[in-house]
Amino acid sequence: SVLDSLRETLKDSLGKALLQCVEEVQGVQRYNVDVIAGLLRYQLISVADFDRMLAKWVETRARDNVGAINAQTVDFAVMLLQRVCLRQQVLGGTEFSRLTEALRHEVARGRQYQQSGALALSPHELQLAERARLLLDLVHFGRGLPARLRRNGRPALGGPLLQAAPQPNA
């Protein structure tokens, strides 16, 4: 029991320190799906705290981001949710409520830009927005999915969302 309480105390401290390290990382190293999925899977960081942090990343625009959507962060979020919610099935989409709301807002924002003609989405952004929309449906019990992507009323694992997205031709 003393060891259990010590373990819980250290676990919270370690989780906060790891989350702070993740927050401070800049550039492409920040978007390492393997590292973040491992931290979440083994409960080394709080899902709720990371959900808040990643939602903030999705909503934050970089000064040099000229696209209609925050593509790099949305792409990372989609790949992370695919990994932990669909492939590994260690977390559910409902545990990422703030992130899923931020992704919905980003997809809607991209559509709004596209419809208004103010800023055309690149083919990569269009594909990413569609992947995010489909993923949001998948992690929330398969609403609106074609029958080929469902099994017994639940999202089927595999299929187009779990495969790497094709890269646009250079």
With salt bridge (Lys or Arg N to Asp or Glu O under 4.0 Å) as the criterion, how do Arg133 and Glu130 come out once you've worked through the C-alpha distance, each side chain's angles and the decisive distance to 0.1 Å? CA-CA 5 Å; Arg133 186 192 63 75; Glu130 182 62 13; 2.5 Å; yes
Test side chain to side chain contact (heavy atoms under 4.5 Å, CB included) on Gln72 and Val28 and set out the steps. CA-CA 9 Å; Gln72 185 177 24; Val28 295; 3.6 Å; yes
Go through the steps for Glu95 and Asp51 under the test side chain to side chain contact (heavy atoms under 4.5 Å, CB included), then give the verdict. CA-CA 8 Å; Glu95 294 176 88; Asp51 175 44; over 6 Å; no
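Here the side chains of Leu135 and Gln82 are in contact, with some heavy-atom distance below 4.5 Å. Residues Phe96 and Leu40 have side chains in contact (heavy-atom distance under 4.5 Å, counting atoms from C-beta outward). Looking at Met79 and Arg131, their side chains come closer than 4.5 Å, going by heavy atoms from C-beta outward. A 4.5 Å side-chain heavy-atom check between Leu39 and Leu19 finds every atom pair outside the cut-off. Taking 4.5 Å as the limit, some side-chain heavy atom of Gln20 sits within range of a side-chain heavy atom of Glu24. Residues Arg104 and Leu136 meet the side-chain proximity criterion, which asks for heavy atoms closer than 4.5 Å. Here the side chains of Leu80 and Leu54 are in contact, with some heavy-atom distance below 4.5 Å.
Minimum interatomic distance between Val107 and Ala132 (heavy atoms only, all atoms of both residues): CG2-CB, 3.7 Å. Gly15 and Ile45 get closest at one heavy-atom pair: O-CG2, 3.8 Å. Leu81 and Leu103 make their closest contact through CD1-CD1, 3.9 Å (heavy atoms, listed as atom of the first residue, atom of the second, distance). Residue Ala55 comes nearest to Ala102 through the heavy atom pair O-CB, 3.9 Å, listed as atom of the first residue, atom of the second, then distance. Of all heavy-atom pairs between Ala77 and Leu99, the closest is CB-CD1, 3.9 Å.
Between the side chain of Arg30 and the main chain of Glu23, a donor-acceptor pair closer than 3.5 Å is present.
Separating the CD atom in Gln127 from the CG atom in Asp75 is a distance of 9.0 Å, to the nearest 0.5 Å. Rounding to the nearest 0.5 Å gives a distance of 12.0 Å between CG of Leu18 and OG of Ser46.
Under a hydrophobic clustering in which Ile, Leu, Val, Met, Phe, Trp and Tyr are joined whenever their side-chain heavy atoms come within less than 4.5 Å, directly or via other members, Leu44 and Val47 fall into the same cluster. Follow the hydrophobic side-chain contacts under 4.5 Å out from Val25 and you never reach Val58; the two are in separate clusters. Hydrophobic clustering, with ILVMFWY side chains joined whenever heavy atoms are under 4.5 angstrom apart, groups Val74 together with Tyr31.
One finds no salt bridge joining Lys16 and Asp49 here, because no Lys/Arg side-chain nitrogen approaches an Asp/Glu carboxylate oxygen to under 4.0 Å. The pair Lys56-Glu59 fails the salt-bridge criterion, with no side-chain N (NZ, NE, NH1 or NH2) lying under 4.0 Å from an Asp/Glu carboxylate O.
Ring-plane geometry between Phe50 and Phe76 is classed as perpendicular, the angle between the planes exceeding 60 degrees on a 0 to 90 degree scale with a lower cut at 30.
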